[in-house]
Amino acid sequence: MAAPRFLASVLGRMKMIATIVTSAGAADAEKVPSTNASGVLDPSLLNAATSGANKIPILGADGRLDPTTMPAGIGQDAKTLQASEALAAGNIVNVWNDAGTAKARKADATAEGKEGVGFVLAAVTSAANATVFFEGRITGLSGLTAGARYYLSAATPGALVLAANLPTGAGSVIQYIGTAVSATELDFEPGEPVTIA
């Protein structure tokens with residue numbers, strides 16, 4: 001669709017001027033914007049973005065505001081931590097002290113000290129920064145049974161197991177992690193870990 005045009009008097013002469021549907025920045029200063037084929041203004045005309053300073057916030061591809069656009073204390077409880085090992089999307093993680101630096105690693109029910117305190121939604125490599133969430137819903141999982149209660153796994157660090165597969169050895173930890181709300185989602189509600197004597 002061709003951009004709409006309008007007539008304007010420029011230095012006493014009538015000129016036909018095209019409107020712009022998107023903006024390339026300063027080069028488009030003082031040009032007249034028009035709506036796109038959907039009848040809405042393009043975000044580039046509004047100085048809008050999903051994140052960044054001095055922008056009008058807009059929803060991302062997931063239909064949500066980016067957490068970085070929210071004031072401190074508003075939004076999901078999350079923190080960026082360095083991963084001390086590779087983490088897979090959906091892993092339950094433990095936050096630990098590495099010589100004064102908080103780091104994230106896979107939670108593990110084989111021994112005290114590695115209990116689950118959060119989770120990651122995106123895979124990261126060792127030494128990369130991971131966004132660790134401390135509340136909310138874990139998405140992107142598979143094979144869950146809706147309504148079933150899941151616990152921290154001793155066999156596979158960072159993973160979940162049903163009650164029938166809980167560890168039994170002395171020194172192992174039993175920790176409730178949450179309830180599945182679908183085959184791919186779990187509400188994260190970690191319980192107090194219990195160590196087997």
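No hydrogens, no waters, no symmetry mates; every other heavy atom, side chains included, goes into these values.
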Q. Do the side chain of D28 and the main chain of A24 share a donor and acceptor less than 3.5 angstrom apart?
A. yes
Q. Looking only at atom types and distance, does a side-chain atom of N36 sit under 3.5 Å from a main-chain N or O of G39, one as donor and one as acceptor?
A. yes
(Q) Using side-chain heavy atoms (C-beta onward) and a distance below 4.5 Å, is D42 in contact with T35? (A) no
Q.
Using every non-hydrogen atom in the two residues, find where P33 and L41 come nearest and quote the distance to one decimal.
A. CB-CD2, 4.4 Å
Q) Taking atom CE of M16 as the centre, does the number of heavy atoms from other residues, nucleotides or ligands within less than 6.0 Å exceed 12? A) no
Q: Determine yes or no for a side-chain-to-main-chain donor-acceptor pair under 3.5 angstrom, with T156 supplying the side chain and A159 the backbone.
A: no
Q: Please report the closest heavy-atom contact between P157 and D108, naming both atoms and the distance.
A: CG-OD2, 3.9 Å
Q: List in chain and number order the residues that pass salt bridge (Lys or Arg N to Asp or Glu O under 4.0 Å) with R137, two or more places apart in sequence or in another chain; answer none if no residue qualifies.
A: D187
Q: Nearest 0.5 Å please: distance from the CG atom of L87 over to the CZ atom of R105.
A: 11.5 Å
Q) Taking side chain as C-beta onward, heavy atoms only, is E135 less than 4.5 Å from D77? A) yes
Q. NZ/K31 to CD1/I20 distance, rounded to the nearest 0.5 angstrom?
A. 6.5 Å
Q) Got a donor-acceptor contact below 3.5 angstrom from the D98 side chain to the T101 backbone? A) no
Q: Rounded to the nearest 0.5 Å, what's the gap from NZ on K114 to CG on L152? Could you check?
A: 11.0 Å
Q) Do L45 and T22 touch side chain to side chain, with heavy atoms closer than 4.5 Å? A) no
**Q.** Heavy-atom check, side chain of Y176 versus side chain of R149, under 4.5 Å
**A.** yes
Q) If we only count heavy atoms from C-beta on, is the I174 to I196 side-chain gap below 4.5 Å? A) yes
**Q.** Nearest non-hydrogen partners of E85 and K106, listed with the distance
**A.** OE2-N, 2.8 Å
Q) N91 side chain to V93 main-chain N or O, any donor-acceptor pair under 3.5 Å? A) no
Q: Could you tell me whether the side chains of T139 and E185 share a donor-acceptor contact shorter than 3.5 Å?
A: no
Q: Identify whether L7 and V32 are in the same connected component of the hydrophobic contact network (ILVMFWY, side-chain heavy atoms under 4.5 Å).
A: no
Q. Are any side-chain N or O atoms of Q175 and backbone N or O atoms of G116, one a donor and one an acceptor, separated by less than 3.5 Å?
A. yes
Q: Taking the side chain as every heavy atom from C-beta outward, state whether I92 and I138 have any pair of such atoms under 4.5 Å apart.
A: yes
Q. Which pair of heavy atoms, one from S44 and one from S23, lies closest together, and at what distance?
A. OG-N, 2.9 Å
Q) By salt bridge (Lys or Arg N to Asp or Glu O under 4.0 Å), which residues pair with D66, not counting sequence neighbours? A) none
Q | Heavy-atom side-chain proximity of L65 to L59 below 4.5 angstrom | A | yes
(Q) What I'd like to find out is whether the side chain of Y150 reaches to under 4.5 Å of the side chain of L186, using heavy atoms alone. (A) yes
Q: Kindly give the heavy-atom pair with the smallest separation between V132 and F134, and that separation in Å.
A: O-CE1, 3.6 Å
Q) With under 30° as parallel and over 60° as perpendicular, where do the rings of F133 and F119 fit, or are they tilted in between? A) parallel
Q) Going by atom types alone, do T19 and S34 pair a side-chain donor with an acceptor below 3.5 Å? A) yes
Q) Can you check whether V40's main-chain N or O pairs, donor with acceptor, with S38's side chain at less than 3.5 Å? A) no
Q) Do the side-chain N and O atoms of K55 and N47 include a donor-acceptor pair separated by under 3.5 angstrom? A) yes
(Q) For the backbone of A104 and the side chain of S84, can you confirm whether one donor and one acceptor N or O come within less than 3.5 Å of each other? (A) yes
What pairs of donor and acceptor atoms, side-chain ones from residues 122-131 against any protein atom, are under 3.5 angstrom apart with sequence neighbours left out?
none

